[in-house]
Amino acid sequence: MTFSLRPAYDDPRTAELVGRLRDYLDGELADYERARGLTPTSRLTRADLQPVWRRSRELGFYGVHLPEEYGGQDLTHTQLAALKEEIGASGRVLAHCVLGDMGGPLRAGDILRHATPHQWETYLLPLIRGERACCFSLTETDAGSDVRSMRTVAVPDGDGYRLTGHKVFSSAGPFADFAIVVARMAGTGEQEGDKPRFSAFLVDLDSPGCRVEDGATPMSGEHIESDIVLEDCHVPAANLLGEEGEGMRIALGRVTTNRLLHCPTVLGATRRALALTLDRARTRTVAGGQPLLTLQAIQHKVADMATGYYAARSMTYAALAALDEGREAHTEAFMCKLFVAESAFRILDEAVQIHGKEGLTQGNEIEYLFRKIRMFRVLTGTSEIQRNGIAKLLAFHH
C-alpha cells in the first residue's frame with residue numbers, strides 16, 4: 001500500500017465505487033447541504049436525512065455492503081472500508097447517511113442475521129429501503145464499558161415482555177422509528193454469583209411507555225444522540241431478536257469487524273485534516289513573506305503527521321485483508337482501534353497547532369475535526385479497553 005492523500009485502487013470495482021462516491025459527496029450532496037444551510041451543529045431532522053437515504057439507495061450506496069438479494073453488492077470488508085474512508089474524508093455533514101451509518105443498514109449491523117421472516121418484513125426490509133430507521137440502545141449512564149451492569153430489565157408478560165429502563169447515547173435516536181434494545185432478564189444477575197441473562201428486542205419508539213428524549217450533546221456538537229426511556233413498555237414476543245439470553249451475544253456479535261470498520265472513517269477524517277494542514281502551511285506566510293512550510297519545524301511536524309497516518313492506514317487494511325481471507329483478527333482489531341485512535345488524535349493536535357488561532361476558532365473545520373477525533377479514543381471501546389484486550393490475547397493465545 002503506497003501513501004496518498006487521494007488513494008487510487010487497483011481493484012476495478014473498488015475504483016469505480018470510490019469514483020462515483022466522491023462525485024456524489026463533492027457534487028450533489030454538497031449542493032443539497034448548502035441549499036439547506038447545514039453545519040455539523042445543525043439540529044438535523046428526519047426531513048433532512050430521508051431524501052439522502054433514498055437518493056443514496058438509488059445510486060446503490062445505501063446498504064452497498066449487503067448481499068445482492070437485499071439490493072447490496074456483497075462487498076468485502078476491504079471494499080467497504082475504502083468507501084467508509086471517503087465518507088470520513090468528504091467533510092460532508094450528512095456523509096453518515098450515504099452508506100447507512102446513521103439509522104440505516106450499517107447501524108443495524110449483524111442483527112440482520114438473527115431476524116425472523118416477520119422481523120425482516122416489518123423492520124429490516126423497510127430499513128434497507130430507507131423507509132424506516134433504527135437506533136441501537138445498549139449503553140446506560142452507569143453501564144458504558146461494563147455493559148453487563150445494565151439496569152434495563154425485561155419481565156416476561158403473557159404474549160410478550162415489559163421493558164423498564166433508561167438508555168443513553170442512542171446514536172440516530174432523533175430520527176429512528178425503532179430501537180434495538182438490550183435488556184437484562186428479570187430475576188437474573190440480582191444475587192451475587194448469579195449470572196445475568198440479556199435479551200435483545202425490536203422496540204417501536206412510538207409504543208406506549210416508550211419515550212425518546214434529547215440526549216446529551218457530545219463534544220463534537222452534533223445533535224444525533226437520544227435517551228430512550230422505557231416505563232413498563234410492552235414488547236410483543238414476535239419482537240424478541242434471536243433467543244432469550246442471547247442478547248449480549250447478538251449485540252456484541254460482530255464486534256471485531258465493527259471495531260475495525262470504524263477505523264477507515266476516522267482515517268478519512270485524518271486524511272482530510274492532513275490535506276487542509278498542508279494547504280494552510282503552503283499558503284500562510286511568516287515574517288519575510290515565506291510560506292509556513294519553508295520552516296523546518298513545520299516540515300518535521302507534517303512529516304510525522306503523514307507517517308503516522310500511513311502507518312495507521314496500512315495496519316488497518318492489513319487486518320481487513322486478513323478478515324477477507326477468513327482469518328480471525330481479534331488482536332489486530334484491538335491494535336488497529338488503539339493505534340488509529342491515538343495516532344489520529346496526535347495528528348489533529350498538530351493540525352490545530354499549525355493552524356494557530358484559526359485552529360482554535362469554532363466554525364473552522366480543523367477545530368471541529370479535532371473535537372470529533374478526540375471522541376474516538378473513548379467511543380466503541382476506550383484506548384484502555386483496547387490495551388486490556390491486546391494484553392489478554394497476548395497472554396493467553398500467543
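The analysis underlying the following values was restricted to heavy atoms, covering all of them including side chains, and did not include hydrogens, waters or symmetry mates.
Both Tyr309 and Val266 belong to a single network of hydrophobic side chains, linked directly or stepwise wherever heavy atoms of I, L, V, M, F, W or Y lie under 4.5 Å apart. Residues Leu202 and Leu125 are members of one and the same hydrophobic cluster, defined by side-chain heavy-atom contacts under 4.5 angstrom among Ile, Leu, Val, Met, Phe, Trp and Tyr. Both Leu59 and Ile87 are members of a single hydrophobic cluster when ILVMFWY side chains are connected at heavy-atom separations under 4.5 Å. Both Leu293 and Ile366 belong to a common hydrophobic cluster when Ile, Leu, Val, Met, Phe, Trp and Tyr are linked at side-chain heavy-atom distances under 4.5 angstrom. Hydrophobic cluster membership is shared by Ile354 and Leu274, with clusters built from Ile, Leu, Val, Met, Phe, Trp and Tyr side chains linked at under 4.5 angstrom.
Atom CG of Asp23 and atom CG of Leu29 lie 12.5 Å apart (nearest 0.5 Å). A distance of 9.5 Å separates CH2 in Trp53 from CE in Met102, rounded to the nearest 0.5 Å. Put simply, CG on Leu393 and CD on Glu328 are 9.5 Å apart, with the number rounded to the nearest 0.5 Å. Between His77 atom NE2 and Asp324 atom CG the span is 6.0 Å, to the nearest 0.5 Å. In this structure, CD1 in Ile373 is found 5.0 Å from CG in Leu348, a value given to the nearest 0.5 Å. If you take CD on Glu358 and CG on Leu276, they are separated by 12.5 Å, rounding to the nearest 0.5 Å.
Of all heavy-atom pairs spanning Phe339 and Ser343, the tightest one is O-OG, 2.7 Å. Nearest heavy-atom pair across Ser170 and Lys167 is OG-CB, 4.3 Å. Across all their heavy atoms, Leu127 and Phe178 have their closest contact at CD1-CZ, 4.2 Å. Between Ile228 and Cys135, the shortest heavy-atom distance links the atoms CD1-SG, 4.1 Å. The minimum heavy-atom distance between Ala82 and Val18, with the atom names listed, is CB-CG2, 4.1 Å. In this structure, Val181 and Leu163 approach most closely via the heavy-atom pair CG1-CD2, 4.0 Å.
Checking side-chain atoms of Arg57 against main-chain N and O of Tyr62 turns up a donor-acceptor pair under 3.5 Å. Distance alone, capped at 3.5 Å, places no donor-acceptor pair between the Glu33 side chain and the Arg92 backbone.
A 4.5 Å side-chain heavy-atom check between Arg13 and Leu75 finds at least one atom pair inside the cut-off. Side-chain atoms of Asn258 and Thr380, non-hydrogen and from C-beta on, never get closer than 4.5 Å to each other. Side-chain atoms of Leu260 and Lys337, non-hydrogen and from C-beta on, never get closer than 4.5 Å to each other. Met219 is not listed as a side-chain neighbour of Phe370, based on a closest heavy-atom distance of 4.5 Å or more. Counting heavy atoms from C-beta on, the side chains of Arg184 and Thr152 never come closer than 4.5 Å. Residues Leu94 and Leu44 meet the side-chain proximity criterion, which asks for heavy atoms closer than 4.5 Å. Counting heavy atoms from C-beta on, the side chains of Arg387 and Phe334 never come closer than 4.5 Å. Using a 4.5 Å heavy-atom cutoff, the side chains of Tyr368 and Thr41 are not in contact.
Results of the side chain to side chain contact (heavy atoms under 4.5 Å, CB included) test with Leu83 over Val64, Thr14, Thr265 single out Val64 as the only residue that passes.
Residues in residues 200-211 take part in these side chain to side chain donor-acceptor pair (under 3.5 Å) pairs, two or more places apart or across chains: Tyr123-Asp204, Arg132-Asp204, Arg211-Glu213, Arg211-Glu231. Counting only residues at least two apart or in different chains, side chain to side chain donor-acceptor pair (under 3.5 Å) contacts with residues 284-305 comprise Lys301-Glu350.
Side-chain polar atoms of Asp11 and Gln79 form a donor-acceptor pair below 3.5 angstrom. If you check the side chains of Ser199 and Glu246, you find no donor sitting under 3.5 Å from an acceptor. Judged purely by distance below 3.5 Å, without hydrogens or angles, the side chains of Glu86 and Tyr24 never pair a donor atom with an acceptor atom. Thr164 and Asp232 are not linked by any side-chain donor-acceptor pair at a separation below 3.5 angstrom, with hydrogens and angles left out of the test.
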Review point. What's the verdict on side chain to side chain donor-acceptor pair (under 3.5 Å) for Glu225 and Ser171, showing C-alpha distance, side-chain angles and the deciding distance?
Key: CA-CA 5 Å; Glu225 309 288 350; Ser171 298; 3.0 Å; yes

Practice item. Would you please test Asp349 and Arg374 for salt bridge (charged side-chain N to carboxylate O under 4.0 Å, His left out) and show each step? Key: CA-CA 9 Å; Asp349 192 44; Arg374 175 60 184 87; over 6 Å; no

Exercise for review: Test side-chain contact (heavy atoms from CB on, under 4.5 Å) on Arg55 and Glu28 and set out the steps.
Suggested key: CA-CA 10 Å; Arg55 182 64 179 136; Glu28 191 181 321; 2.7 Å; yes

Practice item. Decide salt bridge (charged side-chain N to carboxylate O under 4.0 Å, His left out) for Arg34 and Asp31; before the verdict, give the C-alpha distance in whole Å, the side-chain angles of both, and the deciding distance to 0.1 Å. Key: CA-CA 5 Å; Arg34 251 193 309 277; Asp31 295 342; 2.6 Å; yes

Point to revise | Met315/Glu332 under side-chain contact (heavy atoms from CB on, under 4.5 Å): CA gap, chis, key distance, verdict | key: CA-CA 8 Å; Met315 71 188 287; Glu332 293 81 358; over 6 Å; no

Review point. His355 and Thr277: side-chain contact (heavy atoms from CB on, under 4.5 Å), yes or no, with the steps?
Key: CA-CA 7 Å; His355 276 75; Thr277 302; 3.6 Å; yes

Exercise for review: Verify salt bridge (charged side-chain N to carboxylate O under 4.0 Å, His left out) between Glu140 and Arg151, making sure each step is shown before the conclusion.
Suggested key: CA-CA 8 Å; Glu140 298 178 12; Arg151 299 208 176 124; over 6 Å; no

Check your understanding: side chain to side chain donor-acceptor pair (under 3.5 Å) between His166 and Asp227: does it pass, once the steps are laid out?
Key -> CA-CA 7 Å; His166 189 143; Asp227 287 13; 2.9 Å; yes

Practice item. Tell me, with the steps shown, if Arg282 and Asp279 meet salt bridge (charged side-chain N to carboxylate O under 4.0 Å, His left out). Key: CA-CA 5 Å; Arg282 286 188 193 109; Asp279 285 346; 3.4 Å; yes

Exercise for review: Could you give me the CA-CA distance, side-chain angles and deciding distance for Val203 and Asn239, then say whether side-chain contact (heavy atoms from CB on, under 4.5 Å) is met?
Suggested key: CA-CA 7 Å; Val203 178; Asn239 285 24; over 6 Å; no

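Heavy atoms from other residues, nucleotides or ligands lying under 6.0 Å from CD of Glu121 number 12 at most. Within a 6.0 Å radius of CD in Glu131, other residues, nucleotides and ligands contribute more than 12 heavy atoms.
Between Glu58 and Arg54 there is no salt bridge, since none of the side-chain N atoms of the basic residue sits less than 4.0 Å from a carboxylate O of the acidic one.
Between Phe376 and Phe345, the gap from one ring centroid to the other reaches at least 6.0 Å. In summary, the aromatic rings of Tyr70 and Trp120 are positioned with their centroids under 6.0 Å apart.
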Contacts under 3.5 angstrom, residues 1-9 side chains, donor-acceptor by atom type, not counting sequence neighbours:
{"unit_1": "Ser4", "atom_1": "OG", "unit_2": "Arg6", "atom_2": "N", "d": "2.9"}
{"unit_1": "Ser4", "atom_1": "OG", "unit_2": "Arg6", "atom_2": "O", "d": "3.1"}
{"unit_1": "Tyr9", "atom_1": "OH", "unit_2": "Arg313", "atom_2": "NH2", "d": "3.2"}

